[in-house]
4 protein chains.
Amino acid sequence: VSQIEPGSKLLIITEKRKRYLVTAEPAKRFHCSEGFVEMDQLLGKEYGCVARSNTGSLWTVHRPSLADILMHFPRLTQIVYPKDLGQILVHSGLGPGGRVLEAGTGSAVLTCFLAHFVRPSGKVYSYDIRSDYIENADKRLIDLGLREYVELKLGDVTQNIDETMLDAVILDLPEPWRAVANAWQALLPSGRFLSLSPTVEQVVETVEALSNGFSDIGCVELLQRNIRARRGMTRPEFIMRGHTAYLVTARKSEKS
Amino acid sequence: VSQIEPGSKLLIITEKRKRYLVTAEPAKRFHCSEGFVEMDQLLGKEYGCVARSNTGSLWTVHRPSLADILMHFPRLTQIVYPKDLGQILVHSGLGPGGRVLEAGTGSAVLTCFLAHFVRPSGKVYSYDIRSDYIENADKRLIDLGLREYVELKLGDVTQNIDETMLDAVILDLPEPWRAVANAWQALLPSGRFLSLSPTVEQVVETVEALSNGFSDIGCVELLQRNIRARRGMTRPEFIMRGHTAYLVTARKSEKS
Amino acid sequence: VSQIEPGSKLLIITEKRKRYLVTAEPAKRFHCSEGFVEMDQLLGKEYGCVARSNTGSLWTVHRPSLADILMHFPRLTQIVYPKDLGQILVHSGLGPGGRVLEAGTGSAVLTCFLAHFVRPSGKVYSYDIRSDYIENADKRLIDLGLREYVELKLGDVTQNIDETMLDAVILDLPEPWRAVANAWQALLPSGRFLSLSPTVEQVVETVEALSNGFSDIGCVELLQRNIRARRGMTRPEFIMRGHTAYLVTARKSEKS
Amino acid sequence: VSQIEPGSKLLIITEKRKRYLVTAEPAKRFHCSEGFVEMDQLLGKEYGCVARSNTGSLWTVHRPSLADILMHFPRLTQIVYPKDLGQILVHSGLGPGGRVLEAGTGSAVLTCFLAHFVRPSGKVYSYDIRSDYIENADKRLIDLGLREYVELKLGDVTQNIDETMLDAVILDLPEPWRAVANAWQALLPSGRFLSLSPTVEQVVETVEALSNGFSDIGCVELLQRNIRARRGMTRPEFIMRGHTAYLVTARKSEKS
C-alpha cells in the first residue's frame with residue numbers, strides 16, 4: 001500500500017495548491033491548467049513523492065483519504081462538508097457496528113462516510129426518492145469497496161421507514177419535520193436524531209416537530225477558519241465559507 | 001440494550017438542562033442541586049424515559065453516547081472538545097482497522113475516541129511521559145471496553161517512537177515541533193500528521209518544522225455556535241466558547 | 001483636561017482588569033473587592049497614573065471615554081454594545097449635523113452615542129413609550145453635557161412620528177416592522193433605516209415590511225473576538241459573547 | 001438635497017445588486033455590464049428613485065453615504081473596511097472636536113472617515129512617507145469637502161511626530177511598534193493608541209512595545225456575517241470575508 005501502481009487512486013496537489021483526484025495509468029499523462037506529468041514517472045514510486053511537471057513546477061502525489069475522495073464526488077446535490085461530517089459522526093453516537101438510517105442519499109457523500117465508520121458489522125440504510133441518486137450512490141459505494149455496508153432504498157422516509165431499533169436517523173431533506181414521526185418509530189430508545197438544514201426556518205420547523213417524543217433538542221453550527229501560518233505573516237485566510245448548514249440534534253424519549 | 005438495568009450508565013438531563021453521568025443502582029438515590037430521583041423508579045424502564053424528581057421537576061434519562069461519557073472524564077489536562085474530535089477524525093483519514101499514534105495521552109479523551117473508531121482490527125498507540133495519565137487512561141479504557149484496541153506507552157515521542165508504517169500521528173503536546181522528525185519516521189508514505197495547539201506560536205513553530213518532509217500543510221480552527229431555535233425567538237446563544245485549539249494538518253512526503 | 005480634579009470622572013482598572021467608573025472626591029476612598037485607594041492620592045495627578053491600593057496592587061486611573069461611560073449606564077433594558085454602536089454609526093450615514101430618530105430610548109446608550117456624533121448642529125429625536133426611560137435618558141444626557149442635542153419624546157413610533165426629512169431612523173423595538181411605514185414618512189429621500197433585533201424572526205418580519213418603499217435591504221451581524229496577545233502564548237480568549245443583535249439596514253426608495 | 005441635479009453623486013444599485021458610484025451629467029449615459037440608463041431620465045427625480053435600464057431591469061439610484069464613497073476610493077493600499085472603521089471610532093474616544101494623528105494615510109479611507117467625525121472643530125493629522133498617497137488624499141478630501149479638517153504631512157512617524165496633546169493616535173503601518181515611543185510623546189494623558197494590522201506577529205510585536213507607558217492593552221477582531229433574510233429561506237451568506245485586520249488598543253499611562 002505504499003507504492004503507486006496502475007489503478008492506484010492519486011491525489012495530485014500542484015504548486016498552486018490545486019487538487020486533482022486521478023487514477024494511475026501506464027503510458028498516460030495527467031494534464032491540468034498548470035501543465036502535465038507523465039504517469040509512468042509516478043508508477044513504482046512511494047506515495048508522497050514529488051513529481052516535476054513539464055513546466056518545471058513541483059507537484060506532490062498523495063494517497064487520497066476518504067474525505068479527499070468524497071470532496072471530488074460529482075455534486076448532484078448540495079454536499080455535506082468535512083467539518084459537518086465530523087460533527088455528525090460525533091453527535092450520532094455511531095461507530096463500528098452502528099445501524100443508521102440516512103435520507104436523502106443525494107450525492108452519497110454522507111452515505112459513504114457513514115459506511116466507512118460503521119464497518120465491518122454495522123449497516124447504513126440510505127433512502128432517496130430519486131433513482132438516479134440511488135444509482136450514483138451504488139457506483140460510488142462499489143468504487144470505494146463500501147457497498148456491502150449499505151442498503152440503498154428507493155423510497156420516501158416521510159411516508160415509510162422499514163427499519164426499527166436504529167441507533168441513529170440522519171436527515172438531509174428539504175422538509176425534515178415531515179419525517180420526524182417515522183424517525184421516532186425507527187429509533188432505539190434514546191436513539192439519536194440528526195438533521196442538516198441550510199435555513200433557519202427549516203431548523204425551527206424541525207425543532208417544533210421534535211417537541212413530542214424527543215428531548216435534549218439542540219442546534220449547532222460550525223464556522224471553519226483556515227489559518228495561513230507562516231512565521232512573520234500569520235493570519236486567518238481572507239476568504240472563508242460563511243455558512244453550510246445547521247445541525248439539529250435530539251434524543252428519542254418517551255412520548256408524553 | 002433498551003432497558004435500564006442495575007449497572008447501566010445513565011445520562012440524566014434535568015429540567016434546567018444540567019447533565020449528570022451516573023450508574024443505575026438499586027435502592028439508591030441520585031441527588032443534584034435540583035433535587036433527587038429514586039433509582040428504583042428507573043430500573044426496568046426504557047432509555048429516554050422521563051423521571052419525576054422529588055421536587056416535581058421532569059428529568060430525562062438517556063443512554064449516554066461515547067461523547068457524553070468523554071465529556072464527563074476527570075479533566076487531568078485540557079481536554080479535546082467534540083467539535084475538534086470530529087475534525088481530527090475526518091482529517092486523520094482513519095477508520096476501522098487504522099493504526100494511529102497519539103501523544104500525549106492526557107485525560108484520555110482522544111485515546112478513547114480513536115479506539116472506538118479503529119475497532120475492531122485497528123490499534124491506537126498512546127504515549128505519555130506521566131505514569132498517572134497512563135494509569136488513568138487504563139481505567140477509562142477498561143471501563144469503556146476499549147482497552148484491547150490501545151497500547152498505552154510510558155514514553156516521550158520527542159525522544160523515540162517504536163512504531164512504523166502508521167496511518168496517522170496525532171499530537172497534543174506543548175512542543176509538538178520537537179516530535180515532527182520522529183513522526184515522519186513512524187508514518188506510512190502519505191501518512192497523516194495532525195497537531196492540536198491552543199496558541200498561534202505553537203502553530204507557527206510546528207508548521208516550520210514540517211517544511212522538510214511534509215506537504216499539504218494547513219491549519220484550521222472551528223468555531224461552534226449553538227442556536228436557540230424556538231419559533232419566534234430564534235437566535236444564537238449569548239455565550240459561546242471563543243477558542244479551543246488550532247489543528248495543524250500535513251501529509252508525509254519524500255524529503256528533499 | 002490632563003489632571004484629575006475634584007469631580008473628575010475616573011475609569012479605574014484594577015490589577016485583575018476589573019473596571020470601575022467613579023467620581024474623584026476629596027477625602028474619600030474608592031473601595032472594591034481588591035481593596036481601596038485614597039482619592040486624595042489621585043487628585044492633581046495626570047490621567048493614566050498608577051495608584052497603589054492598600055493591598056499593594058497597582059491600579060491605573062484613566063479618563064473614561066464615552067464608550068466606557070455608556071457601558072457603565074444602569075441597564076434598564078438590553079443595551080447596545082460597542083461593536084454594534086460603531087456599525088450603526090457607519091451604516092446610518094450620520095455625522096456632525098445629522099438629524100436622526102431613535103426608538104426606543106431604553107437605557108439611553110445609543111441616544112448618548114448618537115448625540116455625541118451629531119454635535120454641534122444635529123439633533124437626535126428619541127422616542128420611548130415609558131416615561132421612566134425618558135427620565136433616565138434626561139439624567140444621563142445632562143450628566144454628559146449632551147442634553148441640548150436630543151429631543152426626548154414620550155410616544156409610540158408605531159403610532160406617530162412628528163419629524164420629517166430625517167437622515168436616519170434607528171429602531172431598537174420588539175416589533176420594529178410596525179414602525180416601518182412611519183419611518184418611511186419621516187425619512188429624507190434615500191434616508192437610512194436601521195433596526196437592531198436579537199432574533200431571526202424579528203429580522204425576517206422587518207425585512208418583509210421593508211419590501212415596499214425601501215431598497216438595498218441587508219442584514220449583518222458582527223462577532224467580536226478578543227485576542228490575548230502575549231509573545232509565545234497568543235490565542236483568542238476562551239470565552240466570547242456569542243450574539244448580541246442583528247442589524248437590518250435599508251434605504252428609502254420610491255414606493256411602487 | 002432631495003433631488004438629483006447635474007453634478008450630484010449617485011450610488012446606482014442594479015437588479016443584480018452591483019453597486020456603482022457615478023456623477024449625474026446631462027445628456028450622458030451610465031453603462032455597466034447589465035445595460036445602461038440615460039442620465040437625463042434621473043435629473044430632477046428624488047434620490048431613491050427607480051430607473052429602468054435599456055434592458056428593462058430596475059435599478060435604484062441613491063444618495064451615497066460617506067461609507068459608500070469610501071468603498072469606491074481607488075485602492076492604492078489595503079483599505080480599512082466599514083466594520084473596522086466603526087470599531088476604530090468607538091475605541092478612539094473621538095468625536096466632534098477631536099484631535100487625532102493617523103499614519104499612514106494610504107488610500108485615505110480612514111483619513112476621510114475621521115475628518116467627517118471630528119468636524120467642525122477637530123483636526124486629523126495624517127502622515128505618510130509617500131507623496132503620491134498624500135496627493136491622492138488631498139484630492140479625495142477636497143472632493144468630499146473635508147480638506148480643512150485635515151493636515152496632510154509627508155513624514156515618517158517612526159522618526160518624528162510634531163503634534164502633542166492628541167486625543168488619539170491611529171496606526172496602519174507595517175511596523176507599528178516602531179512608532180509607539182513617538183505616539184506616547186504625542187498623546188494626552190490617558191490618550192488612546194490604536195493600531196490596525198493583518199498579522200498576528202505584528203500584533204504581538206506592537207503589544208510588547210506598548211508594555212512601557214501604556215495600559216489597558218487589548219486586541220480585538222470583528223467577523224462580519226451577512227444574513228440573507230427572506231421568509232422561509234433565511235440563512236447566513238455562503239461566502240464571507242474571513243479576515244481583515246486585528247485592532248490593538250491601549251491607553252497612555254505614566255511610564256514606570
Side-chain angles (χ1 to χ4, degrees), chain C residues 1-3 13 17 46-50 60 62-63 65-67 82-83 85-93 95-96 116-117 119-121 165 188-192 200 203-204 207-208 215-216 218-231 234 236 246 248 251-254 256, chain D residues 1-3 13 46-50 60 62-63 65-67 82-83 85-93 95-97 116-117 119-121 165 188-192 200 203-204 207-208 215-216 218-231 234 236 246 248 251-254 256:
Chain C
V1 298
S2 294
Q3 280 179 346
I13 306 177
R17 303 199 68 162
E46 284 199 334
Y47 286 103
C49 63
V50 177
T60 50
H62 286 285
R63 182 193 304 107
S65 71
L66 178 63
K83 70 179 176 71
L85 289 171
Q87 182 87 332
I88 287 169
L89 193 63
V90 171
H91 280 273
S92 71
H116 177 67
F117 285 105
R119 284 183 304 152
S121 50
M165 299 298 272
L188 262 178
S190 244
R192 290 302 190 90
V200 178
V203 166
V204 171
V207 164
E208 218 164 60
S215 64
D216 194 28
C219 176
V220 298
E221 179 192 19
L222 289 182
L223 285 165
Q224 179 177 327
R225 249 182 144 186
N226 296 324
I227 311 294
R228 200 194 59 161
R230 292 188 220 155
R231 189 176 296 279
T234 305
Y246 298 105
V248 172
R251 297 172 200 253
K252 179 177 173 177
S253 297
E254 84 183 83
S256 60
Chain D
V1 299
S2 293
Q3 279 179 345
I13 306 177
E46 283 198 334
Y47 285 103
C49 63
V50 176
T60 50
H62 285 286
R63 182 193 305 104
S65 71
L66 178 63
K83 70 178 177 71
L85 289 171
Q87 182 86 332
I88 287 169
L89 193 62
V90 171
H91 279 273
S92 71
H116 178 67
F117 285 105
R119 285 183 302 154
S121 49
M165 299 298 272
L188 262 178
S190 243
R192 291 300 189 92
V200 177
V203 165
V204 171
V207 164
E208 219 164 57
S215 64
D216 194 27
C219 176
V220 297
E221 179 192 17
L222 289 181
L223 286 164
Q224 180 176 326
R225 254 185 138 182
N226 296 324
I227 312 294
R228 200 194 59 161
R230 294 188 219 154
R231 189 176 295 279
T234 304
Y246 297 105
V248 172
R251 297 173 201 252
K252 179 176 172 177
S253 296
E254 84 182 84
S256 60

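Heavy-atom basis, side chains included; hydrogens, waters and symmetry copies ignored. Every chain is numbered from 1, with letters handed out A, B, ... down the list of sequences.
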> Val50(C), Leu66(C), Val203(C), Ile13(C): which one forms the most heavy-atom pairs within less than 4.5 Å of chain D?
Replying inline: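 Top option by heavy-atom pairs under 4.5 Å: Val50(C).
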>> I'd like to verify something: which residue of His116(C), Gln224(C), Arg251(C) has the highest number of heavy-atom pairs under 4.5 Å with chain D?
In response: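 Greatest number of close heavy-atom pairs with chain D: Arg251(C).
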> If you tally heavy-atom pairs under 4.5 Å against chain C, which of Ser190(D), Gly86(D), Gly93(D) wins?
Replying inline: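 Counting heavy-atom pairs under 4.5 Å, the top option is Ser190(D).
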> By a 4.5 Å heavy-atom criterion (distance strictly below it), what part of Val207(C) contacts chain D: side chain, backbone, both, or neither?
Replying inline: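 When you check distances to chain D, only side chain atoms of Val207(C) fall under 4.5 Å.
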Quick check on [X] against chain C: is it the side chain, the backbone, both or neither that has a heavy atom closer than 4.5 Å?
{"X": "Val200(D)", "answer": "side chain"}
{"X": "Lys252(D)", "answer": "backbone"}
{"X": "Leu222(D)", "answer": "both"}
{"X": "Thr60(D)", "answer": "side chain"}
{"X": "Arg228(D)", "answer": "neither"}

> Just by distance, do the side chain of Glu221(D) and the backbone of Arg225(C) share a donor-acceptor pair under 3.5 Å?
Replying inline: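 Between the backbone of Arg225(C) and the side chain of Glu221(D) there is no qualifying donor-acceptor contact (under 3.5 Å).
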>> Donor-acceptor check, side chain of Arg63(D) to backbone of Pro189(C), threshold 3.5 angstrom: yes or no?
In response: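 Here the side-chain-to-backbone pair exists.
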What distance separates [X] [atom1] from [Y] [atom2], expressed to the nearest 0.5 Å?
{"X": "Asn226(C)", "Y": "Tyr246(D)", "atom1": "CG", "atom2": "OH", "answer": "12.5 Å"}
{"X": "Arg231(D)", "Y": "Glu208(C)", "atom1": "CZ", "atom2": "CD", "answer": "4.0 Å"}
{"X": "Gln87(C)", "Y": "Leu89(D)", "atom1": "CD", "atom2": "CG", "answer": "12.5 Å"}

>> Go through it in stages, so that I can follow the logic: the residues are Asp216(D) and Arg17(C), the test is side-chain contact (heavy atoms from CB on, under 4.5 Å), and I'd like the CA-CA distance, side-chain angles, deciding distance and then a yes or no.
In response: CA-CA 8 Å; Asp216(D) 194 27; Arg17(C) 303 199 68 162; 3.4 Å; yes
>> Within the structure provided, determine whether His62(C) and Ser253(D) are in side-chain contact (heavy-atom separation under 4.5 Å).
In response: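 His62(C) vs Ser253(D): side chains touch.
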Can you see which heavy atom on [X] is nearest to which on [Y], and at what distance?
{"X": "Val90(D)", "Y": "Ala67(C)", "value": "CG1-CB, 3.9 Å"}
{"X": "Arg119(C)", "Y": "Pro96(D)", "value": "O-CG, 3.4 Å"}
{"X": "Ser2(C)", "Y": "Leu188(D)", "value": "OG-CD2, 3.5 Å"}
{"X": "Arg230(D)", "Y": "Val204(C)", "value": "C-CG1, 4.5 Å"}

> Are Lys83(D) and Lys83(C) close enough, and set up right, to give a side-chain contact (heavy atoms from CB on, under 4.5 Å), and what steps lead you there?
Replying inline: CA-CA 8 Å; Lys83(D) 70 178 177 71; Lys83(C) 70 179 176 71; over 6 Å; no
>> Can a side-chain donor-acceptor contact be found between Ser65(C) and His91(D) if the only test is distance below 3.5 angstrom?
In response: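 Absent: no donor and acceptor within the cut-off.
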